[in-house]
A.B. asks: 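Next up is a structure, given as structure tokens.
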Amino acid sequence: MRIRLGYVAIALGISQGSPNKTTTVLNLTKIKDKKDQLSKLRRLAEENLATQLRVMRYNAAHHIQVFRITSQLIPLATHPVAFGWDYCEDFRSELLAIGDIVKRHELRVSAHPDHFTILNSPLEHVVEAALADLRYHVNLFEAMELGAEAKLVLHVGGLYKDKAQSIERFKVIFQQLPDTIRERIIIENDDKSYTAKDVLTLCQEIKTPMVLDVHHDHCCNEGIHLEDILPEIFATWGSQIPKIHFSSARESANKRAHADHIAVDEFLIFLNIAKKCNRDFDVMIEAKEKDLALFSLMEKLKEISGVKVINEAEIEY
DNA sequence: TCGTGTCAAGATCTT
DNA sequence: AAGATCTTGACACGA
């Protein structure tokens, strides 16, 4: 089976590899003129997009096909201070250039709206904000002219003291989403509330791909062994290549935190479980050291018998 | 230049 | 009911 590896948002292997520059609302509102406020946001966005393009070229050059785009490309895009700003129009050519690289090099890009984006909240304004944030992500993908294969990873959300009802609420809102958003959503198990089994069942019901996060499964599961459900998890992807998230626990009181690097022995344990599925898949490496962690994992994998290195970010096992 | 408090957003635990 | 904590990377300010 072929396994491609990728990393999240920031390239540490090149200088100025963070397409994450932003400002705070407090600082922005110190600027009197609305037009000057917007200029500042524009300047930051422009810089981020230029960085993003460099990062994409770097990824392509290193055969890294799997990549997560930061949610902070356009600073404060969905905050009221930026209301009415047509960032896609302003940066049409920059966004197209990014999309062009993605398509030319067959990169697999996704985004992961962060934990404020919650569809199953009982609070209407929270769901409204989540929809606005999803819309923002879809706007960017559409401006890049990327199809529904550019996905948005979401968690189920909060428990609100009643898991069954909270899952039910997720399903209802999910079905009401416009196609343009719904077709991009994939759902990940989290480290506290919704186990891999919970998400698998949900994903089967709503016919949506599931992203297995192996580390989250270690933090939060119901005593179910991964090998028993992995084939079903992969099956939620149909003919698409499944993707999983992989990280190692930081050696601290909080086991849920991500470590700098990936422990190769843990990775091998997963490979051996996955081998029984006999299916290609992609791995998003979630480590503090980002692309550097990916490269150092690859170096270690070279030493393992049975692992054949295809290129800097792909193996056969 | 370096260190530190703060940041749009929610949920949940603690007091 | 209010406040702290979670978690992340980076800004912005002050030393």
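Naming convention: chains lettered A, B, ... in sequence-line order (proteins, then strands); numbering from 1 in each chain.
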A.B. asks: Any donor-acceptor pair under 3.5 Å linking the side-chain atoms of A/Q72 with those of A/T22?
C.D. replies: no
A.B. asks: Using the P atom on both, measure C/dA10 against B/dG10 and round to a whole Å.
C.D. replies: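 Taking atom P in both C/dA10 and B/dG10, they lie 23 Å apart.
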A.B. asks: Can you find a side-chain donor-acceptor pair between A/H215 and A/E286 that sits under 3.5 Å?
C.D. replies: no
A.B. asks: With rounding to whole Å, what would you report as the distance between C/dA4 and B/dT6 at their P atoms?
C.D. replies: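 Nearest-Å result for C/dA4 against B/dT6 at atom P: 11 Å.
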A.B. asks: Are side-chain N/O atoms of A/S248 and A/H261 paired as donor and acceptor at under 3.5 Å?
C.D. replies: no
A.B. asks: Under 4.0 Å from OP1 or OP2 of C/dA12: is there any side-chain N or O of A/K40 that close?
C.D. replies: yes
A.B. asks: Using Watson-Crick or G-U wobble pairs with both distances under 3.5 Å, give me DNA chain C in dot-bracket, 5' to 3', with [ ] for crossers and | for pairs to another strand.
C.D. replies: ||||||..|||||||
A.B. asks: Quick one, A/T195 with A/D198, criterion side-chain hydrogen bond (donor to acceptor under 3.5 Å, both in side chains). Give me CA distance, side-chain angles, the key distance, then yes/no.
C.D. replies: CA-CA 5 Å; A/T195 65; A/D198 292 331; 3.1 Å; yes
A.B. asks: How many Å lie between CH2 on A/W85 and C1' on B/dA8, as a whole number?
C.D. replies: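 Those two atoms, CH2 and C1', are 15 Å apart.
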A.B. asks: Want to settle it: does A/K30 or A/P19 sit nearer the 5' end of DNA chain C, counting the closest nucleotide to each?
C.D. replies: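 Residue closer to the 5' terminus by nearest nucleotide: A/P19.
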A.B. asks: Can you measure A/H155 atom NE2 to C/dT8 atom P for me and round it to whole angstrom units?
C.D. replies: 11 Å
A.B. asks: Can A/T51 and A/K21 be said to form a side-chain hydrogen bond (donor to acceptor under 3.5 Å, both in side chains), step by step?
C.D. replies: CA-CA 10 Å; A/T51 303; A/K21 291 179 89 74; over 6 Å; no
A.B. asks: Which parts of nucleotides 9-15 of chain B does protein reach within less than 4.0 Å, heavy atoms only, written one letter per nucleotide 5' to 3' as B for base, S for sugar-phosphate only and - for none?
C.D. replies: BSSS---
A.B. asks: Is A/E106 salt-bridged to A/K103, cutoff N-O under 4.0 Å?
C.D. replies: no
A.B. asks: OP1, OP2 of C/dG9 versus side-chain N and O of A/K290: anything below 4.0 Å?
C.D. replies: yes
A.B. asks: Below 4.0 angstrom from OP1 or OP2 of C/dC11, is there any side-chain N or O of A/N20?
C.D. replies: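 So the side-chain polar atoms of A/N20 never come under 4.0 Å of the phosphate oxygens OP1 or OP2 of C/dC11.
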A.B. asks: Measure from NE2 on A/H258 to C1' on C/dT7 and round the result to the nearest Å.
C.D. replies: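 One finds 10 Å between C1' of C/dT7 and NE2 of A/H258, rounded.
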A.B. asks: A/Q37 CD to B/dA8 P: how many Å, rounded?
C.D. replies: 13 Å
A.B. asks: Check A/R43 with A/E46, please: is the shortest side-chain N to carboxylate O separation under 4.0 Å?
C.D. replies: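 Not counted as a salt bridge, because no side-chain N and carboxylate O are separated by less than 4.0 Å.
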A.B. asks: Does A/L297 belong to the same Ile/Leu/Val/Met/Phe/Trp/Tyr cluster as A/M1, with side-chain heavy atoms less than 4.5 Å apart forming each link?
C.D. replies: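 Yes, it is one cluster - the side chains of A/L297 and A/M1 are joined through contacts under 4.5 Å.
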A.B. asks: Remember a base hit wins even if backbone is also touched, and classify A/K192 as base, sugar-phosphate or nothing at under 4.0 Å, heavy atoms.
C.D. replies: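 No contact.
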A.B. asks: In whole angstrom, what separates A/L44's CG from C/dA10's P?
C.D. replies: 13 Å
A.B. asks: Do you reckon A/I173 sits in the same ILVMFWY cluster as A/V153, going by side-chain contacts under 4.5 Å, direct or chained?
C.D. replies: no
A.B. asks: Rounding to a whole Å, what distance do you find between A/I10:CD1 and C/dC11:P?
C.D. replies: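 From A/I10 CD1 to C/dC11 P: 10 Å.
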A.B. asks: Starting at atom CG of A/N27, determine the distance to atom C1' of C/dA10, rounded to an integer number of angstrom.
C.D. replies: 12 Å
A.B. asks: For A/H215 and C/dT7, give me the distance from atom NE2 to atom P, rounded to whole Å.
C.D. replies: 9 Å
A.B. asks: Roughly how many Å apart are C/dT5 and B/dG5, using the C1' atom of each and rounding to a whole number?
C.D. replies: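 About 16 Å, rounded to a whole number of Å.
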A.B. asks: Do A/E266 and A/H218 pair up side chain to side chain, a donor and an acceptor below 3.5 Å, judged on atom types alone?
C.D. replies: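 No pair is found: no donor N or O on one side chain lies under 3.5 Å from an acceptor on the other.
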